[in-house]
Enquirer: 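Handing you this structure, nothing more for now.
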Amino acid sequence: MRVQSSATAPTRIAVPAPARTFGTLQAALGVAAFSLTFPATAWGLEGFGPWSLVAVRSVLAALVAGGCLLALRIPLPARAHWPGLAVVAAGVVVGFPLLTTLALRTSTTAHAAVVVGLLPLTTALLSALRVGTRPSRTFWAAALAGAAAVVAFTVQQSGGALTTADLYLFAALLVCAAGYTEGGRLARTVPGWQVIGWALVLCLPVSVPAAALALSHEPVHLTAHSVAGLLWVAAGSQFVGLVVWYRGMAAIGIPKASQLQLAQPLLTLVWSVLLLGEHLTVAAPLTAAAVLVCIAVTQRARG
């Protein structure tokens, strides 16, 4: 007997175990790339102003992405995809880099990393609203526990006082979660690297004049750190990291992929010590243990 699919109920497509494993690996590589973003930004700020750093990184990343799109003769996205690409561009290409760079002028990378550790929960919430995902109660319990651990660590580090940098970071959470959610949705039908590639190219009419204007008003002092930081946030964080991240989200789902980011602030803490010489408190390994347990539970919970 032939079964008619409902027009209102989405069909659940089973993902083979090897594909899930590879998707998890790609999402994890994206998290590893993102964990270096704040230390690299701190390095970049040694030689560039905040507006220059954000605009130039966007231009460089767009040139890399545009070159790949042209070399492979990728056709323009369908008209229906452009609104989603605009959300990705506004949230991931412009909003998050700008807001976090402004925050890092006065905040340590360790503090910023822990605040942004709330991104997985924010992404899962927006995903439930936008994409219609319905994770299990176990998933939500573990996600909330992980977020609580991150919040507790943040309060302990900041003494309970919110600063202007924290407001920038909370705003960055919202715009980035929106970009991740929309990008993950698009990556189900469009290859992930094309999603971020077209989003970067879409920003060129704004990023090029913004870079020229910022560079004319902010002093530039090129150093090995500032150049290395700029190149990483442009190529590593803004393009390569997002390529594997969106591919991973498309394979294993937005909620589960987003929970892998609970490990990102812990990785950034390690980089902040190794690359920037920041002091790591005793609370960090305790938070790491709690967060990793939450990640294990969310990955096993049925989403």
Side-chain angles (χ1 to χ4, degrees), residues 24-25 27-42 96 99-100 103-104 106-127 135 137-174 176-177 180 237 241 245 248 254-301 303:
T24 301
L25 176 60
L29 288 174
V31 170
F34 299 153
S35 71
L36 279 162
T37 300
F38 286 173
T41 300
F96 185 79
L99 291 167
T100 53
L104 285 171
T106 56
S107 172
T108 65
T109 59
H111 180 81
V114 175
V115 174
V116 175
L118 293 175
L119 183 58
L121 182 58
T122 310
T123 303
L125 287 171
L126 290 184
S127 171
R137 292 181 179 179
T138 301
F139 177 96
W140 283 117
L144 288 171
V150 169
V151 170
F153 186 87
T154 304
V155 171
Q156 190 271 336
Q157 289 289 297
S158 64
L162 289 179
T163 64
T164 302
D166 290 323
L167 297 179
Y168 281 133
L169 292 170
F170 287 133
L173 283 175
L174 294 176
C176 189
Y180 279 173
S237 303
W245 172 244
I254 297 173
K256 286 192 174 183
S258 69
Q259 298 313 302
L260 289 175
Q261 280 197 306
L262 284 170
Q264 184 176 326
L266 284 303
L267 289 173
T268 301
L269 289 176
V270 174
W271 296 128
S272 70
V273 172
L274 296 178
L275 300 178
L276 304 175
E278 293 184 2
H279 178 66
L280 194 63
T281 64
V282 179
L286 298 178
T287 307
V291 168
L292 290 177
V293 168
C294 293
I295 291 175
V297 174
T298 58
Q299 294 304 297
R300 290 181 177 274

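The residues of the chain are indexed from 1 along the displayed sequence.
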Enquirer: So which heavy atom on Thr106 is nearest to which on Ala165, and how close?
Expert: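 Closest pair (atom of Thr106, atom of Ala165, distance): OG1-CB, 3.6 Å.
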Enquirer: Hey, is OH on Tyr168 packed in by over 12 heavy atoms from elsewhere, all under 6.0 Å?
Expert: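 Open: at most 12 neighbouring heavy atoms sit under 6.0 Å from OH of Tyr168.
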Enquirer: With heavy-atom distances below 4.5 Å as the criterion, would you say the side chains of Tyr180 and Thr122 are in contact?
Expert: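 No; the side chains remain at least 4.5 Å from each other.
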Enquirer: Hey, could you give me the CG/CG distance between Leu126 and Leu174, rounded to the nearest 0.5 Å?
Expert: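 Here the rounded value is 7.0 Å.
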Enquirer: Got a donor-acceptor contact below 3.5 angstrom from the Glu278 side chain to the Thr108 backbone?
Expert: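 Here the side-chain-to-backbone pair does not exist.
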Enquirer: So which heavy atom on Leu104 is nearest to which on Ala112, and how close?
Expert: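 Of all heavy-atom pairs spanning Leu104 and Ala112, the closest is CD2-CB, 3.8 Å.
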Enquirer: Do other residues, nucleotides or ligands put more than 12 heavy atoms under 6.0 Å from the CH2 atom of Trp140?
Expert: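 For Trp140, atom CH2 is crowded (more than 12 foreign heavy atoms under 6.0 Å).
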Enquirer: For a quick test of reading the model, state the closest non-hydrogen atom pair linking Ala110 to Ser272 and the distance between them.
Expert: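 Shortest heavy-atom contact: CB-OG, 4.2 Å.
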Enquirer: Closest approach of Gly146 and Val291, non-hydrogen atoms and distance?
Expert: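 Heavy-atom minimum between the residues: O-CG2, 4.4 Å.
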Enquirer: Would you call the rings of Phe38 and Phe96 parallel, tilted or perpendicular, where under 30° means parallel and over 60° means perpendicular?
Expert: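 Parallel.
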Enquirer: Has Thr268 got a side-chain atom pairing as donor or acceptor with Ser35's backbone, closer than 3.5 angstrom?
Expert: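 Looks like yes, one N/O pair under 3.5 Å.
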Enquirer: If every non-hydrogen atom of Ala142 is compared with every non-hydrogen atom of Val297, which pair is closest and at what distance?
Expert: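 Scanning both residues completely, I find the closest heavy atoms to be CB-CG1, 3.5 Å.
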Enquirer: So, taking the atom named CZ in Phe34 and the one named CG in Leu29, what distance separates them when rounded to the nearest 0.5 Å?
Expert: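 Rounded to the nearest 0.5 Å, the CZ-CG separation comes out at 10.5 Å.
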Enquirer: About how many Å separate CG of Leu36 and CD of Gln264, when rounded to the nearest 0.5 Å?
Expert: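 Going from the CD atom of Gln264 to the CG atom of Leu36 covers 9.5 Å.
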Enquirer: As a test of understanding, state which of Leu119, Thr164, Thr100, Leu118 forms a side-chain contact (heavy atoms from CB on, under 4.5 Å) with Leu169.
Expert: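 Among the candidates, only Thr100 passes.
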Enquirer: On a heavy-atom basis, which atom in Ser237 and which in Thr37 lie closest, and how many Å separate them?
Expert: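 The answer is OG-OG1, 2.7 Å.
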